[in-house]
Amino acid sequence: MLRYLFVFCFTLMAIAVRGQDDSVRHVPDTVKVGAYVISVHDINFHDKEYTIRFWLWFVYDNARFDFSKQLDIPNAKEIEPPEIIVDSVDGKAWAIMKMKCVMKESWDVQDFPFDRQHLRVQIENTVFDKRSLIFVPDLKGSRFDEKEAIDGWTIHDFHVESRENDYETGFGDASNPYQVFSTFNVEMNIERNAWGLFMKIFIGMYIAFLIAIVSFTPHPSELEPRFGLPVGGLFAAVGNKYIIDSVLPESSLFTLVDTLHAFTFFAIFMTLVVSAISLKCHDNNKLDLAMRVNREGSRIVVVLYVVANLVAIGLALR
């Protein structure tokens with residue numbers, strides 16, 4: 001009886017020791033990681049991309065980690081081979097890389113050119129998932145070059161943080177059908193003082209509207225200027241929209257650019273309507289009514305156009 005009791009106790013001890021060894025074995029290694037953003041440039045709305053240059057560093061103990069070969073940035077289009085410096089600090093491995101990446105980005109252009117964009121660079125280790133590696137962000141050392149980081153924009157809410165990226169696949173490993181990797185994210189919001197850009201891209205549209213409303217000045221009986229000027233302004237406004245659309249990504253949303261041009265098209269159409277009504281009154285020998293329709297109609301068109309533009313721009317600036 002004592003022998004069976006001894007065997008039972010020994011078995012329990014062995015299971016406990018093994019379980020403790022397994023828990024120790026599965027404690028992931030931590031990697032301290034930070035980033036210093038040198039520049040963000042070549043912002044391309046049409047191709048949905050931008051280029052970023054930054055320093056990236058890792059401090060770790062596990063000799064199996066080789067970030068020169070195991071580094072991945074999933075949301076990058078292109079990654080140039082980095083410049084790598086390997087050293088040690090406080091007895092730990094220290095790897096520093098100078099990165100240059102072309103990042104893909106789904107730009108939010110609904111309020112363009114008063115748009116505000118959120119940029120994110122996500123960094124992973126391609127070999128070790130979160131069971132073996134956990135990124136710990138270097139909050140103190142991570143920052144951006146305030147003088148040279150980005151031209152024409154202002155960076156707000158720059159921060160780094162550690163997250164997880166889920167892959168609902170085992171990449172061929174049936175024993176592990178769902179993998180989770182630790183990620184290091186560099187995130188920032190950017191915005192710009194866009195009034196100069198606004199005037200550059202919309203000046204043609206507003207000139208087209210001014211050309212159209214000049215048609216209110218001739219006498220209602222003057223057919224050629226009354227109808228020729230608005231039509232010419234309409235073609236100018238359409239051309240201006242095509243020019244702006246060529247630099248923006250395709251979007252199913254009705255953007256500020258679409259809204260302002262729609263107001264312009266409708267306003268020009270209304271100038272033609274007012275001219276047609278004035279001409280009809282003139283042909284019916286109602287000269288006073290024709291002049292009154294022309295005068296009041298022109299005021300209504302101009303006031304409504306200005307108010308609609310101010311409201312749309314004000315909503316974009318919120």
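Between the side chain of D111 and the backbone N or O of F114, no donor-acceptor pair lies under 3.5 Å. Between the S142 side chain and the L139 main chain, no donor and acceptor come within less than 3.5 Å of each other. A distance-only check finds no donor-acceptor pair linking the side chain of S215 to the backbone of I211 [under 3.5 Å]. Put simply, the side chain of S251 gets close to the backbone of L253: a donor and an acceptor are under 3.5 Å apart. Of the possible polar contacts, none joining the S275 side chain to the L272 backbone as a donor-acceptor pair under 3.5 Å is found.
Contact annotation: the side chain of V37 approaches that of I52 to within less than 4.5 Å [non-hydrogen atoms, C-beta and beyond]. Residues K280 and K286 have side chains not in contact (no heavy-atom distance under 4.5 Å, counting atoms from C-beta outward). Side-chain contact between R116 and I190 is absent, with no heavy atoms from C-beta onward closer than 4.5 Å. For the pair N193 and W195, the minimum side-chain heavy-atom distance is below 4.5 Å. At least one side-chain heavy atom of P74 sits under 4.5 Å from a side-chain heavy atom of E124. Inter-residue side-chain proximity for L56 and V33 is flagged as met; some heavy-atom pair is nearer than 4.5 Å. Proximity of H156 to M188: side-chain heavy atoms (C-beta onward) are nowhere separated by under 4.5 Å. Using a 4.5 Å heavy-atom cutoff, the side chains of T126 and L71 are not in contact.
Separation of atoms CG (N185) and CD (E164) is listed at 11.5 Å; rounding is to 0.5 Å. To the nearest 0.5 Å, the span separating OG on S132 from CZ on R64 amounts to 6.0 Å. Atom OG of S278 sits about 8.5 Å away from atom CE of M291, to the nearest 0.5 Å. H46 NE2 to W107 CH2: the interatomic distance, rounded to the nearest 0.5 Å, is 14.5 Å. The CD1 atom of I155 lies 5.5 Å from the CD1 atom of I150; values are rounded to the nearest 0.5 Å. Note: N75 CG to E105 CD = 8.0 Å, rounded to the nearest 0.5 Å.
Using modelled atom types and a 3.5 Å distance limit, the side chains of R226 and N294 yield a donor-acceptor pair. For the residue pair N189 and Q117, no side-chain donor N or O sits within less than 3.5 Å of a side-chain acceptor on the partner. Checked by atom type, the side-chain pair N309/Y206 shows a donor-acceptor distance below 3.5 Å.
Follow the hydrophobic side-chain contacts under 4.5 Å out from V102 and you never reach V121; the two are in separate clusters. Residues Y167 and F135 are members of separate hydrophobic clusters, defined by side-chain heavy-atom contacts under 4.5 angstrom among Ile, Leu, Val, Met, Phe, Trp and Tyr. Hydrophobic cluster membership differs between L304 and V273, with clusters built from Ile, Leu, Val, Met, Phe, Trp and Tyr side chains linked at under 4.5 angstrom. With hydrophobic clusters built from ILVMFWY side chains whose heavy atoms lie under 4.5 angstrom apart, I203 shares a cluster with M205. Residues F45 and L197 share a single hydrophobic cluster, defined by chaining ILVMFWY side chains whose heavy atoms lie under 4.5 Å apart.
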Tabulate below the donor-acceptor pairs under 3.5 Å that side-chain atoms of residues 227-248 make, not counting sequence neighbours, or state none.
unit_1	atom_1	unit_2	atom_2	d
N240	ND2	I201	O	3.2
N240	ND2	H261	NE2	3.0
K241	NZ	D245	OD2	2.7
K241	NZ	D258	OD1	3.0
S246	OG	I243	O	2.5

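Residues F128 and F65 bring their aromatic ring centres within 6.0 Å. No close placement of the F209 and F263 rings is indicated, their centers lying 6.0 Å or farther apart.
Shown here are the ring-ring contact (aromatic ring centres under 6.0 Å, His included) partners of H219, two or more places apart in sequence or in another chain: H282. For the side chain to side chain donor-acceptor pair (under 3.5 Å) test, no residue two or more places apart in sequence or in another chain qualifies with T217. Residues satisfying the side-chain contact (heavy atoms from CB on, under 4.5 Å) test with D283, not counting sequence neighbours, are L279.
Residues H41 and S39 share a closest heavy-atom pair of ND1-OG, 3.2 Å. Residues L133 and S182 come closest through the heavy atom pair O-CB, 3.5 Å. Closest of all the heavy-atom pairs between V109 and P249 is CG1-CD, 4.0 Å. Summarising the geometry of V301 relative to A267, their closest heavy-atom pair is CG1-O, 3.8 Å, with the distance given to 0.1 Å. Nearest heavy-atom pair across A312 and L256 is O-CD1, 3.8 Å. Residue M97 comes nearest to S68 through the heavy atom pair CE-N, 3.4 Å, listed as atom of the first residue, atom of the second, then distance.
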Set out, in order, the CA-CA distance, both residues' side-chain angles and the distance that settles ring-ring contact (aromatic ring centres under 6.0 Å, His included) for Y305 and F266, then state yes or no. CA-CA 9 Å; Y305 181 75; F266 182 75; over 10 Å; no
For a side chain to side chain contact (heavy atoms under 4.5 Å, CB included) check, start with the C-alpha distance between D138 and F58, then their side-chain angles and the critical distance, and finish with the verdict. CA-CA 9 Å; D138 184 353; F58 304 90; over 6 Å; no
Could you go through the side chain to side chain contact (heavy atoms under 4.5 Å, CB included) check for D72 and N125 one step at a time? CA-CA 6 Å; D72 185 33; N125 185 292; over 6 Å; no
Walk me through it: do F144 and V186 pass the test side chain to side chain contact (heavy atoms under 4.5 Å, CB included)? CA-CA 10 Å; F144 63 94; V186 181; over 6 Å; no
List the steps, then state whether salt bridge (charged side-chain N to carboxylate O under 4.0 Å, His left out) holds for D115 with R192. CA-CA 8 Å; D115 50 311; R192 57 189 163 194; 2.8 Å; yes
Verify salt bridge (charged side-chain N to carboxylate O under 4.0 Å, His left out) between R163 and E187, making sure each step is shown before the conclusion. CA-CA 12 Å; R163 291 186 181 178; E187 304 196 26; 3.3 Å; yes
Would you please test F184 and V136 for side chain to side chain contact (heavy atoms under 4.5 Å, CB included) and show each step? CA-CA 8 Å; F184 171 72; V136 177; over 6 Å; no
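Dense packing is recorded around CD of Q70, with more than 12 heavy atoms of other residues, nucleotides or ligands lying under 6.0 Å away. N284 CG: more than 12 foreign heavy atoms inside a 6.0 Å radius. Atom CG of D151 has 12 or fewer heavy atoms from other residues, nucleotides or ligands within 6.0 Å. The environment of K77 atom NZ is dense: over 12 non-hydrogen atoms of other residues, nucleotides or ligands sit within 6.0 angstrom.
Taking Ile, Leu, Val, Met, Phe, Trp and Tyr as members and joining any whose side-chain heavy atoms lie under 4.5 Å apart, directly or through other members, the hydrophobic cluster of W94 also contains Y36, I38, W55, W57, V59, I85, V89, I96.
Using cut-offs of 30° and 60° for the angle between ring planes, the Y60 and F67 rings count as perpendicular.
Sequence neighbours left out, not one pair with a member in residues 203-225 passes salt bridge (Lys or Arg N to Asp or Glu O under 4.0 Å).
A salt bridge links D129 and R131; the closest N-O separation between the charged side-chain nitrogens and carboxylate oxygens is under 4.0 Å.
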